[in-house]
Structure formats: C-alpha cells, structure tokens
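Just so it is clear, the structure is predicted and the values come from calculations on it, not from any experiment. All ligand and atom numbering here is 1-based and tracks the order in the structure.
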Amino acid sequence: MKKNYENSLREIIKEYKLKPKKKLGQNFLHDKNIISSIVNKANVEDEDIIEIGPGPGILTESILKNKARSLLVIEKDDSFEVNLKKIKSNYRNNFDYLINDVIDFDFKKLTKKNYKFVSNLPYNISVPFILKLIKIRKIIPWKEMILMVQKEVAERITANISTKNYGRLSIMVNLNNDVEKLLNVKPSSFIPRPKVDSTVIKISPKKKYLNINTEVFEKIVKICFSQRRKKVKNNLDQLNINTISLLELSNIDPDIRAENIDIEGFIRISSNYEELIKENYEDF
Ligand code: SAM
C-alpha cells in the first residue's frame, strides 16, 4: 500500500522533533497530488536539479525517485541535517546537500551547468531568490525554474501591462524569460497551513537573450515606478537630464504612467539614457 504523504510528513516531524519555524517560511507540502504534479511538470529524469529548502525532504525524495541525474539541495536550517544525511546514505551517487543561506550562496562555486531548479520556496525569499537567479544567468546558465511561490507573487510576475500588478518584478523577470503559471495550491496542502494561496510557476529563459545593460535597465525601471501614480516624465526628472528629449527619442508619451509602458519601451528608454550619459561624458 502506498504511504500517505501527510502521515509520512507527520512521522518525520515527530521523529526529528521538528518545530516549523515561521521566520524561515516553513510550510511543508504533504499533498501527494501536488508533489507528483510538480515533479512531473519539472521532467526531472536525467536532469541536474537544485532544490532550495528541502526541509523534511518529501519533495526531495520524490525528485530522486523520479530519476534525477543529480540533486543538490541548499537548506538554511541545520535542524534538517540529520534527515538530509539519511537521504544521502540512501542516494550516495546522486544526492548532496549544503547547509547555507541561498541568498548568500555563491553559485559560481557550482561545477555543472544547465541546472533545473525545483523548489517550494520559503515565502520571505521568493522575490530576492528569483531576481538573484535572473541576474546570474550569464554566469550560471540554468535551464528552467519550477517554483512554488505565493499566489500574489505569481500574479505580479505574470502581470500584463496596464494592470495593477504590472511593475518592476514583472518587467525584470519577463525581460529575458518566459513565465507560465502551472497550478494553484490551497493552504490545506501544507503543514502548517499558510495564510495565503500559492502558485507553481515555470520560468524558462527566452531563446534569444537580450544583451542589454541590465544595471541601467533596472535603474530606469525602478525610477519610472518610484511613484506609480506620477507621470513617467516626473519620475524620470530625478535623473537631472533632459527628460522630455529622452522620452521623445524613445517614442514614449511623457504624460503616461510607467504601468502603461511595455518592456520594449523600457529598453528604448534605458539604451537612450545610456547613450546620453556617454555623450555627456565625452563632452568633458
Ligand atoms: N521543500 C519542503 C517542502 O516542500 O515541504 C520545505 C519547503 S518550506 C516552504 C521552505 C524551506 O526553505 C524550509 O525548509 C526552510 O528552512 C528553507 N529556507 C528558508 N530560508 C532559506 C534560505 N534563505 N536559504 C535556504 N533555505 C531556506
């Protein structure tokens, strides 16, 4: 008879005397349908996988049982180490773990390329984690990320232009990636139950990588959204340049708000801004 995940999760929590820590976003998945669905959609067979925050390891074991070529997990909470050691003793050849904060982790240390990330992310680090991975893609060309995040974060990432959720996060993630919502997950699928709904999303790099200056691009997007209700011209005035000519050059109406500018529009503004800055320096 198949073991019920909720029971086995409860057994692990009991055996290792685990007390879920709210500040580490410890809401553990026990719903076997959701776990299978995540692992199936991630197509883990023969892939090198990284899981952030394995916790009690239910998703972890499912990834291994589904024949991942290798699985590296990164967990901040060392109280899971005993359990992770046990998993390691069962899967010596293709499993390893690191006790580390993923936000500080230097991914350049990793030797393989084309990792797939499969994780039920802790809520408090989902946005910084995604932004970090997007930034380091030139150095660590990961293949795909299948991530459980708060529904509200998934909605911001997948928001369309001219909607209330459209903003810096949607633009930064969609600049070089395609994003797909895979499934919504109710609080009852976790122990303990979180207060909010969750969504599993898939982030995959676009075939054509836009080689733009992402630092300048990020700076422009941040300034344009600094006060959402203001006209883009007024926000950009912080730059102390001729904002009207920058926007004219970029074919953007100075009276619209940032939420009505598409990614191509932001690319035009940031590359024209870069040119303007260069020209001004050349004048000196
Ligand atoms: N993977 C397990 C599951 O699906 O049931 C646990 C997921 S739980 C939502 C998030 C996990 O991430 C916890 O085990 C937590 O300790 C870990 N975690 C929290 N902050 C972290 C960080 N900064 N770096 C690495 N792991 C972290």
Side-chain angles (χ1 to χ4, degrees), residues 4-42 44 49-66 68 71-87 95-107 109-110 115-133 136 145-154 182-183 185-201:
N4 176 312
Y5 281 87
E6 180 164 1
N7 288 341
S8 54
L9 178 57
R10 286 194 190 284
E11 279 163 22
I12 294 172
I13 291 177
K14 208 171 148 198
E15 183 180 346
Y16 297 101
K17 299 190 180 66
L18 300 170
K19 288 201 180 76
K21 299 178 181 116
K22 206 174 165 190
K23 71 173 194 319
L24 289 177
Q26 292 182 353
N27 301 99
F28 306 126
L29 251 181
H30 70 77
D31 185 327
K32 64 178 179 193
N33 294 324
I34 302 289
I35 294 169
S36 316
S37 204
I38 295 174
V39 177
N40 285 339
K41 285 181 194 287
V44 298
I49 311 284
I50 296 183
E51 184 195 359
I52 309 306
I58 304 270
L59 178 62
T60 315
E61 293 218 57
S62 180
I63 295 171
L64 288 164
K65 281 183 189 140
N66 280 274
L71 171 61
L72 171 69
V73 300
I74 304 175
E75 172 59 62
K76 183 171 178 174
D77 185 351
D78 62 8
S79 56
F80 293 115
E81 191 165 6
V82 193
N83 191 37
L84 293 172
K85 267 192 187 143
K86 196 171 155 196
I87 299 178
F95 176 78
D96 212 346
Y97 69 86
L98 294 169
I99 301 294
N100 221 302
D101 185 326
V102 73
I103 298 298
D104 304 332
F105 182 69
D106 181 5
F107 280 91
K109 284 185 194 157
L110 301 177
Y115 285 102
K116 273 192 185 183
F117 285 83
V118 182
S119 303
N120 168 17
L121 286 178
Y123 288 163
N124 51 334
I125 62 151
S126 55
V127 171
F129 170 76
I130 291 170
L131 291 176
K132 175 174 175 161
L133 265 286
I136 60 167
M145 296 200 271
I146 308 285
L147 306 172
M148 170 107 69
V149 296
Q150 304 95 300
K151 192 171 175 210
E152 168 263 329
V153 169
L182 298 181
L183 64 144
V185 185
K186 290 275 163 216
S188 55
S189 298
F190 302 86
I191 299 175
R193 292 180 184 206
K195 288 204 173 72
V196 293
D197 285 358
S198 305
T199 302
V200 179
I201 54 170

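Contact between Ser126 and Gln150 at its shortest, heavy atoms only, is OG-OE1, 3.0 Å. The nearest pair of heavy atoms linking Met148 to Leu29 is CE-CD1, 3.8 Å. In plain terms, the two heavy atoms of Asp77 and Ile99 that are nearest each other are O-CD1, 4.4 Å. Closest heavy-atom contact between Phe105 and Lys132: O-NZ, 2.6 Å. Contact record, Asn27 with Asn120: O-ND2, 3.5 Å, taken as the closest heavy-atom pair. Of all the heavy atoms in Ile103 and Asp101, the pair that sits closest is N-OD1, 2.9 Å.
Annotation: atom 1 (N) of ligand 1 to nearest protein heavy atom, Gly53 O, 2.7 Å. Protein heavy atom nearest atom 4 (O) of ligand 1, with residue, atom name and distance: Asn120 ND2, 2.9 Å. With hydrogens left out, the protein atom closest to atom 27 (C) of ligand 1 is Lys76 CB, 3.7 Å, a heavy atom. If you check which protein heavy atom lies closest to atom 19 (C) of ligand 1, you get Leu24 O, 3.2 Å. Remark: minimum distance from atom 2 (C) of ligand 1 to any protein heavy atom is reached at Pro54 O, 3.3 Å.
Against a heavy-atom cut-off of under 4.0 Å, Phe28 is close to the following atoms of ligand 1: 5 (O), 6 (C). Under a 4.0 Å criterion applied to the non-hydrogen atoms of Val102, ligand 1 contributes the atoms 22 (C), 23 (N), 24 (N), 25 (C). Below 4.0 Å from some heavy atom of Asp77 lie the following atoms of ligand 1, by number and element: 16 (O). Per-residue contacts place Asp101 under 4.0 angstrom from the following atoms of ligand 1 (heavy atoms of the residue considered): 22 (C), 23 (N), 24 (N). Remark: ligand 1 atoms within the under-4.0 Å shell around heavy atoms of Gly25 are 8 (S), 9 (C), 10 (C). The contact set between ligand 1 and Asn100, taken as ligand atoms under 4.0 Å from a residue heavy atom, comprises 24 (N), 25 (C). Under a 4.0 Å criterion applied to the non-hydrogen atoms of Glu51, ligand 1 contributes the atoms 1 (N). Every atom of ligand 1 is numbered from 1 in the order shown, and the set under 4.0 Å from a heavy atom of Ile74 is 25 (C), 26 (N).
Looking at Glu75 next to ligand 1, an N or O pair under 3.5 Å apart turns up. Looking at ligand 1, you'll find an N or O of Leu29 within less than 3.5 Å of one of its N or O atoms. At least one N or O atom of Gln26, backbone or side chain, sits closer than 3.5 Å to an N or O atom of ligand 1. An N or O contact shorter than 3.5 Å is missing between Pro122 and ligand 1 by distance.
Using a 3.5 Å distance cut-off with no hydrogens or angles, the side chains of Tyr97 and Thr60 do not pair a donor with an acceptor. When only modelled atom types and interatomic distance are considered, Glu51 and Ser119 share no side-chain donor-acceptor pair under 3.5 Å.
With a heavy-atom cut-off of 4.0 Å, Asn124 does not touch ligand 1 at all. For Phe80, every heavy-atom contact with ligand 1 shorter than 4.0 Å involves the side chain, none the backbone. Counting heavy atoms under 4.0 Å from ligand 1, residue Met148 does not touch it at all. Only the backbone of Asn27 comes within 4.0 Å of ligand 1, judged by heavy-atom distances.
Annotation: the span from Asn100 atom CG to Asp78 atom CG amounts to 11.5 Å, rounded to 0.5 Å.
Not a single heavy atom of Asp104 sits closer than 4.0 Å to an atom of ligand 1.
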